[in-house]
There are 2 protein chains.
Amino acid sequence: MLSMKCKYALKALVVLAAEGKKLPSSAIAQKARVPAKFLEAILTDLRKADALTSERGAHGGHTLKGAPEKIMLGHVVRAMDGMLAPIPCASTFYYKKCDDCTDEKICVIRHAMLEVRNKISEVLDGLSLEDLLNMSPKKKQQLFW
Amino acid sequence: MLSMKCKYALKALVVLAAEGKKLPSSAIAQKARVPAKFLEAILTDLRKADALTSERGAHGGHTLKGAPEKIMLGHVVRAMDGMLAPIPCASTFYYKKCDDCTDEKICVIRHAMLEVRNKISEVLDGLSLEDLLNMSPKKKQQLFW
DNA sequence: TTAATCCATATAACTCTAATAGGAATTGAA
DNA sequence: TTCAATTCCTATTAGAGTTATATGGATTAA
């Protein structure tokens, strides 16, 4: 399950990608329809995840860091929610051994979940913000949801 | 994320599939290395999900309902954890509209997550308990994890 | 009658989620 | 210098979900 936080993060980044310019968090919150104060925390996390840069003070705001086609959904989801894999022992970036497993090389649950994690990764690490924008039939009106 | 409950459920079913006979929950708990009392509740859910049948009283126990090749992982995971999709609006079996979305037909987040949900479904609805057993290189010794 | 077993309900500790609140620090402009 | 806009930081909170454990009732075979 994607958390609301992660979904909001994606929406915020789509807005930034579509506008292609610096935006204050209040503007992002309004365009993405996301609780403003919650979004502030999310934007901080996105900055730490190197997805955007922020400028403080009057006329400050947030700017996408790098081109929209370089920012992949997998990166964002991992930064917000952690691993893509259904269980820790099947994760590449957030691997953790199971307590109830003696030999993970033969674990059939893990084998199955590795397949799942690879499919999820194929999709999310293969989709960029730019790809998301291009999915929208109403791109020009900037209606994405 | 798969819950422990779901993981335990899968392990219990693998044990039942491997043994191919009626087993009391205590035996399943021991072979699957799952907390006994927690497992009892899980077995009840699996019965409600039509994955096994139970007999009460002395010499009672739980038996897989139907052939192992007919019980799919997707069915089990849905019964334990709910939807496979990352977000409710992308779920087939547990669909629910998003509050922050005006037109889901154009929602780019949903489109991306539909791809993910379909891939997950392809794997989990394509894998049976029998497939899991066959994944194990130590099938004869009944070591699955 | 007894022991084994499933079944049902309650509870508890813990963590996670989805926020909200309040204010400090920074910046550009009047 | 002062003001307003803005990010940034820390704390708090209500509610839900997770992962169990405890107790005892109901059922069944020997």
Side-chain angles (χ1 to χ4, degrees), chain A residues 1-12 16 21-30 32-49 51-65 77 79-83 86-88 94 96 98-100, chain B residues 1-12 16 21-30 32-49 51-65 77 79-83 86-88 94 96 98-100:
Chain A
M1 257 288 271
L2 225 58
S3 66
M4 291 309 285
K5 178 180 168 186
C6 185
K7 188 186 177 189
Y8 292 162
L10 290 172
K11 292 181 76 172
L16 280 171
K21 65 180 182 193
K22 182 170 62 182
L23 286 178
S25 74
S26 55
I28 302 174
Q30 180 232 308
R33 282 212 228 88
V34 163
K37 208 62 179 138
F38 194 14
L39 180 65
E40 274 191 39
I42 292 168
L43 290 169
T44 298
D45 286 346
L46 285 174
R47 182 170 41 78
K48 286 176 185 163
L52 48 79
T53 55
S54 310
E55 290 168 55
R56 313 174 89 183
H59 305 306
H62 307 272
T63 318
L64 221 56
K65 189 167 182 180
V77 173
M80 296 298 114
D81 287 356
M83 66 183 180
I87 41 177
Y94 295 83
K96 191 171 174 298
C98 298
D99 290 332
D100 56 330
Chain B
M1 256 287 269
L2 224 57
S3 67
M4 291 307 287
K5 179 181 168 185
C6 185
K7 188 186 178 189
Y8 292 163
L10 290 172
K11 292 180 76 171
L16 279 171
K21 64 180 183 195
K22 182 171 61 184
L23 286 177
S25 74
S26 55
I28 301 174
Q30 179 232 309
R33 281 209 229 91
V34 163
K37 212 56 184 146
F38 194 15
L39 180 64
E40 273 192 41
I42 293 167
L43 291 169
T44 298
D45 286 346
L46 286 173
R47 182 169 41 77
K48 286 175 185 162
L52 49 79
T53 55
S54 309
E55 291 168 54
R56 315 175 88 183
H59 305 305
H62 306 271
T63 318
L64 221 56
K65 190 167 182 179
V77 172
M80 296 298 114
D81 286 356
M83 67 183 178
I87 41 178
Y94 296 83
K96 192 172 173 297
C98 298
D99 291 331
D100 55 331

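Chain letters run A, B, ... following the sequence lines, proteins first, then strands; residues in each count from 1. The figures that follow rest on heavy atoms only: side chains count, while hydrogens, waters and symmetry mates do not.
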Quick one: which of B:Arg47, B:Lys22, B:Lys65 gives a side-chain contact (heavy atoms from CB on, under 4.5 Å) with B:Ser54? B:Arg47
Against the side chain of B:Lys37, the closest entry in D:dT21, C:dA4, D:dC9 is D:dT21
Output the rounded distance in Å from CG (B:Leu23) to C1' (C:dA4). 15 Å
For D:dT19, does either OP1 or OP2 sit under 4.0 Å from a side-chain N or O belonging to B:Tyr8? no
What nucleic acid atoms does A:Glu55 come within less than 4.0 Å of, heavy atoms only: base, sugar-phosphate, or nothing? sugar-phosphate
Phosphate OP1/OP2 of D:dT18: any B:Ser3 side-chain N/O under 4.0 Å: no
Any side-chain N or O of A:Arg56 below 4.0 angstrom from OP1/OP2 of C:dA24? no
Nearest to the side chain of A:His62, heavy atoms from C-beta on, is which of D:dT7, D:dA20, C:dC6? D:dT7
Counting side-chain heavy atoms from C-beta on, which of D:dA20, C:dA29, C:dT20 comes nearest to B:Phe38? D:dA20
From CE of B:Met4 across to C1' of D:dT21 the rounded distance in Å is 16 Å
What's the CD1-P distance between B:Ile42 and D:dT18, to the nearest Å? 12 Å
Which nucleotide in D:dT19, C:dC7, C:dA29 has an atom nearest any side-chain atom of B:Ser54: C:dC7
Can you tell me which nucleotide in D:dA20, C:dC7, D:dA4 comes closest to the side chain of B:Pro35? D:dA20
